[in-house]
There are 2 protein chains.
Amino acid sequence: MAIVPSPHAAGSAPLEQPQREAPSALTIRRTESLASLVRKELERMIVSGELRGGDRLNEQALAERLQVSRGPIREACRSLEQTGLVEVQVNRGTFVRQIELKEALEIYEVRSALFGLAGQLLAQDASPALLARLKGLLERMDAASDNLDAYYPLNVEFHATLVDSAGNGHLAATYHALAKQLHLFRRRGLVPRESMKVSNREHWAMYEAIARGDAAEAQALMQAHIRAGKGRLIKMTRAETVAPPALAEDD
Amino acid sequence: MAIVPSPHAAGSAPLEQPQREAPSALTIRRTESLASLVRKELERMIVSGELRGGDRLNEQALAERLQVSRGPIREACRSLEQTGLVEVQVNRGTFVRQIELKEALEIYEVRSALFGLAGQLLAQDASPALLARLKGLLERMDAASDNLDAYYPLNVEFHATLVDSAGNGHLAATYHALAKQLHLFRRRGLVPRESMKVSNREHWAMYEAIARGDAAEAQALMQAHIRAGKGRLIKMTRAETVAPPALAEDD
DNA sequence: GCCCTGTAAATTGTCAACAGTTTTCAATCC
DNA sequence: GGATTGAAAACTGTTGACAATTTACAGGGC
């Protein structure tokens with residue numbers, strides 16, 4: 001089943017080469033390759049759900065749609081192949097990968113280990129400014145705990161702040177790459193309301209372990225936090241219920 | 001400094017398209033793209049040290065050398081970019097990445113967390129056949145502990161067996177990808193002889209924790225094992241001494 | 001109806017050419 | 001000698017054409 005992305009889908013237009021302010025013939029030069037722009041656009045389409053697992057990326061159609069030649073499309077696909085978002089099959093094309101439950105659980109496991117490591121590192125070295133920022137997020141999440149639409153972005157931001165502040169670029173990059181891949185998993189489960197309160201209590205506990213510099217405790221709590229999310233994922237898939245968007249930071 | 005790989009370097013020849021046995025005009029078809037073959041060859045060149053950090057990959061020269069057009073070279077470079085082995089700079093070319101100590105230490109940290117997770121998973125579910133295999137490797141390493149050339153490959157195999165047997169593909173893939181990147185770090189330290197005995201004592205301890213199903217102990221020991229390697233890396237760089245090849249599984 | 005065959009259309013993989021950008025190098029000036 | 005300039009060479013980014021492979025589909029047989 002080859003689904004060619006609709007030419008009228010929201011968001012996809014010819015790619016714009018980044019330009020400096022007040023561009024003129026003397027100042028315009030290439031600062032980003034088309035291949036790079038195509039890669040980002042395809043990532044956006046995958047993460048947003050516009051492209052779904054199993055969809056085939058038709059080079060010719062994409063080239064026409066994005067108004068580039070097929071070369072940059074091919075290059076972008078090679079990039080996406082290595083990040084695990086697509087699979088390139090020789091002579092047959094490039095397909096958005098599909099992730100089954102087993103693989104999603106594997107990703108959760110690896111993420112939980114990385115999240116735990118982030119906790120360890122943070123507890124060893126968290127600045128007052130970071131702690132204040134985390135606390136602010138926690139308080140806003142408390143205030144939003146009756147409203148998923150408000151809570152969820154804060155939750156995502158809290159998680160990302162933790163990982164990005166751990167002082168290890170490879171940790172952050174790996175964690176985020178895995179999160180992106182989780183978008184390929186399309187089973188969705190309801191997030192019960194009480195779950196947000198539980199979720200933020202766990203967040204507070206993590207924060208407190210970090211603040212008092214307890215590395216072992218922070219690691220254990222943060223690893224367990226993602227694992228709890230894994231447990232909920234299993235429950236959701238059993239319930240076969242339907243629910244809101246992405247899973248990557250689904251507490 | 002752009003170093004174009006020497007046309008006479010060992011190992012690099014025109015790429016061979018995989019063929020089935022007794023190929024004829026009727027049976028030959030493409031089973032692997034040139035881009036994929038090029039990627040593998042470039043990886044080999046990087047991991048083997050033939051290409052070093054900072055080297056520029058000249059598309060034209062490589063195309064001539066490997067007897068392909070520049071397209072597959074470009075595609076391969078996009079792949080390598082995402083795996084962290086090279087850096088693509090628009091309009092300037094593709095460069096083998098260089099890793100400084102700070103980044104090497106980051107990689108060690110992430111690897112230690114992943115290795116610890118492998119221990120956790122193995123302790124929860126290790127088959128008798130796997131345990132027997134690990135024990136065999138341990139015994140061979142004991143016998144080889146006076147001989148680095150014999151010890152080192154066994155050590156690599158032991159580590160890979162652990163990670164590959166943990167039952168989590170993403171864990172293994174991530175771990176190995178990071179190991180590959182460590183080849184970009186070019187400071188080398190002497191591996192003292194006593195270090196192999198210490199190293200294998202730690203291996204035995206890990207094995208025993210796994211065998212008795214002690215997940216927490218296995219995780220801690222295995223995480224500590226890589227961290228000890230990290231500590232040795234720091235010491236080596238301070239000593240500024242020179243020593244044998246790759247670091248990725250340098251206990 | 002299903003299965004097989006053959007052909008055309010569609011698509012992918014690669015190549016070479018062209019345009020744009022950067023690097024190299026010679027000449028000139030101080 | 002060092003700094004600057006300008007042109008040529010080298011290289012990268014993209015495109016379109018061609019070759020190879022796969023897919024789609026029509027027609028025929030059972």
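Just so it is clear: chains get the letters A, B, ... in the order the sequence lines come, proteins before strands, and each one is counted from 1.
- A side-chain hydrogen bond (donor to acceptor under 3.5 Å, both in side chains) with R78(A) is found for one member of S33(B), S36(B), S79(B) and no other, namely S33(B).
- Atom-to-atom, CG of L66(B) to P of dC15(C) comes out at 11 Å; the value is rounded to the nearest Å.
- Between R97(B) and E103(B) there is a salt bridge, since a side-chain N of the basic residue sits under 4.0 Å from a carboxylate O of the acidic one.
- For A35(B), counting side-chain heavy atoms from C-beta on, the closest listed nucleotide (dT12(D), dT14(C), dT11(C)) is dT14(C).
- With respect to E32(B) and R39(B), no salt bridge is recorded, no charged nitrogen being found less than 4.0 Å from a carboxylate O.
- At its two ends the helix from dG1(C)-dC30(D) to dC30(C)-dG1(D) runs along axes set 20° apart, each axis drawn from five pairs and the angle rounded to 10°.
- Under 3.5 Å, the side chain of R70(A) and the base of dG16(D) form no donor-acceptor pair of N or O atoms.
- Here the straight-line distance linking atom OG1 of T94(B) with atom CG of L57(B) works out to 6.0 Å at 0.5 Å rounding.
- Within residues 71-88 of chain A, the residues that have a heavy atom under 4.0 Å from DNA chain C are, in order of number, R74(A).
- In this structure, the CD atom of E59(B) is 14 Å from the P atom of dC15(C), given to the nearest Å.
- Proximity of S69(B) to the phosphate of dC15(C): a side-chain N or O atom is located under 4.0 Å from OP1 or OP2.
- Contact between the side-chain N/O atoms of R92(A) and the OP1/OP2 oxygens of dT11(C) is not found at any separation under 4.0 Å.
- Ring centroid separation for the pair F115(A) and H159(A) comes in under the 6.0 Å cut-off.
- Residues R227(B) and Y108(B) have side chains that never bring a donor and an acceptor to within less than 3.5 angstrom of each other.
- In this structure, the CD atom of E32(A) is 16 Å from the C1' atom of dT21(C), given to the nearest Å.
- OP1 and OP2 of dT12(C) both lie 4.0 Å or more from every side-chain N or O belonging to N91(A).
- Ion pair R44(B)/E41(B) flagged as a salt bridge, since at least one NZ, NE, NH1 or NH2 atom sits closer than 4.0 Å to an Asp/Glu carboxylate oxygen.
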